[in-house]
Amino acid sequence: MEIRRDNYLKQLIERKNNGMVKVVTGIRRCGKSYLLFTLFKRYLLENGVAPDHVIEIALDGIEDEELRDPKVCYEYIRDEMEDDGIYYLLLDEVQFMPRFEEVLNSLLRIKNIDIYVTGSNSRFLSSDIVTEFRGRGDEVRIYPLSFAEFYSVYDGDYDDAWDDYMTYGGLPQIAGLQSERRKADYLKNIFVNVYLKDVIERNRIQNEEEIGILVNVLASSIGSLTNPTKIANTFASGRQMQYTNKTISRHIDFLEEAFLISKAARYDIKGRKYIGANQKYYFTDPGLRNARLNFRQQEPTHLMENIVYNELLIRGYNVDVGMMDAYEKNKEGKRVRKQLEVDFVVNQGSQRYYIQVACDLSSEQKQEQEFHSLRNIPDSFKKIIIVNGSKKPWRNDEGFVIMGMKYFLLNPDSLEF
């Protein structure tokens, strides 16, 4: 089974021969090596690159163990370059080599080499890795399978695919597993023995219980506003544990650096400024989030929101949580201030979209709840409500676009309707 990753392949092709180190980053097991060694290598060969001008090194393999020595690796690459033609270096699991930054910076001084690297431990996945190459690193962020990628290889109809994706997520390995038990066991095992272990070892965390509980708290609160102080209070009152704001904030940063979670900042739509208090956190893969909670707390609306958020990031948008103050009359006729929320404020260049995510709009009460915030936005950018199901997009009398989740996920230009 071959899964196409055309979006990421295109990004690599666009960066070819740009004089920079192409750094493929992303959560472990999301398909970085497959992208580089299968899809991109095939592209090179099909477009006239001679096989002996593609240098492949997988530093996690026993066959390349001696190349983990930085000087040996550097000399090996130089020896492979026998003429003045362009050579393409595909270097996998680069973190196995000490001082790899020095090796790559040295290679950058060679005019006829184009460099692509991946790594899959939390040291390499640090979000500021590109700075290691003195401004000559070009990052390509890869995510787990989007729903469209997952559905393209799924043996079944949309509804079954959606249920599976919402429960077990989009790690490529999941697409090849058949039984629900195998999927669940795989996710629970790699969360503890791969992702969490990496974060703990890299950052030398002493109290493993604390960060384990923190992950559970974040997993339980996707789609809800929270902050380190609120989490610390939860630990103090509910578990009688002293887990300070500062430590919680650092541990959340570690989880972000490893790409396990992403943070959506709050943006004041009317005031046009960011608000630094509460944030929302989403998991890079919904299956990992569910596995961490032993597949309990699978609230459809919150999972839909997480999946929409991830899809927007995959498409290259900047995504914030919107809020604004509005004044309304209460039952006594008094004018009171209320704080309204918009699920996502989505930006790309000069374009902006406001998006609400709803499980359904079957009742007037539900419609009023979702439309109310959009009505109070003081500009004319497009306002979209994404609902569960297969509904094709349409505009209501107020000009709001309403579309089903299926249309949104399977049409890459769905926001342009």
Side-chain angles (χ1 to χ4, degrees), residues 1-3 5 8-9 12 21-42 44 51 54-80 87-107 113-127 129-130 132-133 137-145 171-177 186-187 189-204 254 257-260 284-285 288:
M1 177 181 67
E2 180 171 298
I3 303 171
R5 313 299 304 269
Y8 307 111
L9 179 59
L12 288 180
V21 176
K22 272 65 71 176
V23 186
V24 182
T25 65
I27 192 172
R28 293 189 70 172
R29 309 291 176 87
C30 70
K32 298 186 298 296
S33 301
Y34 177 75
L35 171 67
L36 201 57
F37 283 79
T38 299
L39 300 180
F40 185 63
K41 179 187 174 183
R42 180 193 300 163
L44 293 174
V54 179
I55 304 171
E56 299 178 69
I57 301 174
L59 290 174
D60 62 335
I62 192 69
E63 68 277 9
D64 288 330
E65 184 178 13
E66 70 279 3
L67 297 180
R68 295 176 191 173
D69 181 297
K71 290 186 177 180
V72 172
C73 186
Y74 179 77
E75 291 302 327
Y76 170 80
I77 293 167
R78 290 306 309 263
D79 290 343
E80 289 290 299
Y87 285 80
Y88 295 88
L89 173 62
L90 313 182
L91 185 56
D92 199 27
E93 305 290 9
V94 73
Q95 76 284 342
F96 277 85
M97 179 169 55
R99 298 163 53 199
F100 68 83
E101 301 95 331
E102 296 173 49
V103 174
L104 295 175
N105 275 319
S106 296
L107 290 171
I113 190 168
D114 196 22
I115 306 168
Y116 302 78
V117 301
T118 78
S120 62
N121 76 355
S122 53
R123 164 68 182 87
F124 191 84
L125 292 176
S126 173
S127 57
I129 186 64
V130 292
E132 297 284 0
F133 306 122
D138 196 353
E139 184 179 15
V140 174
R141 173 74 186 277
I142 181 170
Y143 294 84
L145 302 179
L171 291 177
Q173 186 70 23
I174 287 294
L177 299 177
Y186 171 77
L187 291 169
N189 177 62
I190 64 168
F191 200 109
V192 173
N193 295 316
V194 177
Y195 301 117
L196 207 52
K197 183 178 178 182
D198 273 356
V199 171
I200 289 168
E201 289 181 353
R202 179 207 169 184
N203 299 290
R204 300 176 183 176
F254 297 157
E257 288 174 356
F259 300 142
L260 268 173
T284 299
D285 182 75
L288 289 172

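When reading the values below, keep in mind they use all heavy atoms of this one structure, side chains included, and skip hydrogens, waters and symmetry mates. The structure presented is a predicted model; accordingly, all values stated were derived computationally and were not measured. Just so you know, residue 1 is the first one in the sequence shown, and it goes up from there.
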Can you check whether [X] reaches [Y] side chain to side chain, under 4.5 Å on heavy atoms?
| X | Y | answer |
| --- | --- | --- |
| Leu145 | Ile174 | no |
| Asp92 | Leu36 | no |
| Val21 | Asn105 | no |
| Leu107 | Tyr74 | yes |
| Glu257 | Phe254 | yes |
| Arg5 | Phe40 | no |
| Lys197 | Ile200 | no |

Of the options [options], which is the one that meets [X] in a side chain to side chain contact (heavy atoms under 4.5 Å, CB included)?
| X | options | answer |
| --- | --- | --- |
| Ile115 | Leu90, Val23, Leu91, Leu89 | Leu89 |
| Val140 | Leu12, Leu9, Thr25 | Leu12 |
| Thr118 | Gln95, Lys22, Lys32 | Lys32 |

Open item on the list: Is the terminal nitrogen or CZ of Arg29 (NZ for Lys, CZ for Arg) located under 6.0 angstrom from the six-membered ring centre of Tyr186 and within 45° of that ring's axis?
Closed with: no

- [ ] Under the side-chain hydrogen bond (donor to acceptor under 3.5 Å, both in side chains) rule, collect the residues that match up with Thr38, sequence neighbours excluded.
- [x] none

Shortest non-hydrogen contact from [X] toward [Y]:
| X | Y | value |
| --- | --- | --- |
| Pro172 | Cys30 | CG-O, 3.6 Å |
| Pro70 | Met97 | CA-SD, 3.7 Å |
| Tyr143 | Tyr8 | N-OH, 3.3 Å |

Roughly how far apart are [X] [atom1] and [Y] [atom2], rounded to 0.5 Å?
| X | Y | atom1 | atom2 | result |
| --- | --- | --- | --- | --- |
| Lys71 | Arg99 | NZ | CZ | 6.5 Å |
| Leu39 | Lys41 | CG | NZ | 12.0 Å |
| Arg68 | Ile57 | CZ | CD1 | 12.5 Å |
| Ile113 | Tyr87 | CD1 | OH | 10.0 Å |
| Asp60 | Glu65 | CG | CD | 11.5 Å |
| Ile3 | Tyr34 | CD1 | OH | 6.5 Å |

Can a donor-acceptor pair be found, under 3.5 Å and without considering hydrogens, that links the side chain of [X] to the backbone of [Y]?
| X | Y | answer |
| --- | --- | --- |
| Thr284 | Phe259 | yes |
| Asp285 | Leu288 | yes |
| Tyr195 | Arg28 | yes |

Task: Residues in side-chain contact (heavy atoms from CB on, under 4.5 Å) contact with Asn189, at least two apart in sequence or another chain - done: Asn193

